[in-house]
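Not measured: the values here are computed from a predicted model.
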Amino acid sequence: MVPQLLLETLEDICEEDFRTFKWYLTMENLKGYKAIPKSRIENKSRTETVTELMQSYGEETAVTITAVILQKIHNNSAAEKLQKAYAELKAATSSTSSSVLTPPAAPAAAPPAAISAQNGSVIINPTLTGGTTGAWNITINKPN
């Protein structure tokens with residue numbers, strides 16, 4: 001439902017603010033996030049822009065970037081509304097998923113887990129679950 005939240009937010013801003021929003025998406029200096037190429041969002045509708053946001057950044061980062069840009073264009077109320085709605089969505093999702101699931105049986109030997117980000121993607125605040133004992137090995141490779 002994050003795409004719907006983003007779309008509702010973008011539908012509530014005027015056309016001039018929407019053009020400025022898309023311009024900010026093409027800027028390299030946006031809080032360290034990789035810019036979306038201008039050709040991918042130029043002359044795109046709000047729905048197409050939301051699709052590009054989701055494909056380029058994923059749910060949480062798309063919400064963060066949208067809120068940051070809304071603040072830059074002096075639309076703090078829309079930014080706050082989006083952040084509040086996203087927090088409520090996350091809380092509702094985690095409470096329903098945790099209450100429905102039963103605890104899994106302890107596995108004899110769990111296979112190693114892998115998390116990877118490719119092509120400029122980022123991993124923000126992964127949630128690791130499982131046993132509380134044993135060693136964790138984390139390797140971070142930065143391409144040349």
Do Thr64 and Tyr33 make a side-chain contact, defined as non-hydrogen atoms from C-beta onward lying under 4.5 Å apart?
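Yes, their side chains come closer than 4.5 Å.
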Does Leu53 reach the side chain of Thr61, with side-chain heavy atoms less than 4.5 Å apart?
no
Distance from [X] atom [atom1] to [Y] atom [atom2], nearest 0.5 Å?
| X | Y | atom1 | atom2 | answer |
| --- | --- | --- | --- | --- |
| Ile36 | Lys22 | CD1 | NZ | 11.0 Å |
| Lys34 | Ile65 | NZ | CD1 | 12.0 Å |
| Trp23 | Ile69 | CH2 | CD1 | 10.0 Å |
| Tyr57 | Thr66 | OH | OG1 | 9.0 Å |
| Lys81 | Leu5 | NZ | CG | 10.0 Å |
| Ile41 | Thr51 | CD1 | OG1 | 13.0 Å |

My understanding is that only residues two or more places apart in sequence, or in another chain, count here; which of them pass side-chain contact (heavy atoms from CB on, under 4.5 Å) with [X]?
| X | answer |
| --- | --- |
| Glu88 | Lys84 |
| Ser45 | Thr47, Glu48 |
| Ala79 | Ala67, Leu70, Gln71 |

Report, one line per pair, each donor and acceptor closer than 3.5 Å where one atom sits in a side chain of residues 13-20; sequence neighbours left out.
{"from": "Glu15", "atom 1": "OE1", "to": "Arg46", "atom 2": "NH1", "distance (Å)": "3.1"}
{"from": "Thr20", "atom 1": "OG1", "to": "Glu16", "atom 2": "O", "distance (Å)": "3.0"}

Could you tell me which residues satisfy side-chain hydrogen bond (donor to acceptor under 3.5 Å, both in side chains) with Glu8, sequence neighbours excluded, listed by chain and number?
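Gln4.
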State which residues pass salt bridge (Lys or Arg N to Asp or Glu O under 4.0 Å) with Glu52; sequence neighbours excluded, sorted by chain then number.
Arg40
Identify the residue among Glu11, Met1, Met54 that makes a side chain to side chain contact (heavy atoms under 4.5 Å, CB included) with Leu6.
Met54
Heavy-atom pair of closest approach, residues Tyr86 and Glu59
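Taking every non-hydrogen atom into account, OH-C, 4.5 Å.
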Show your working on side chain to side chain contact (heavy atoms under 4.5 Å, CB included) between Leu7 and Thr49 and close with a plain yes or no.
CA-CA 9 Å; Leu7 180 60; Thr49 301; over 6 Å; no
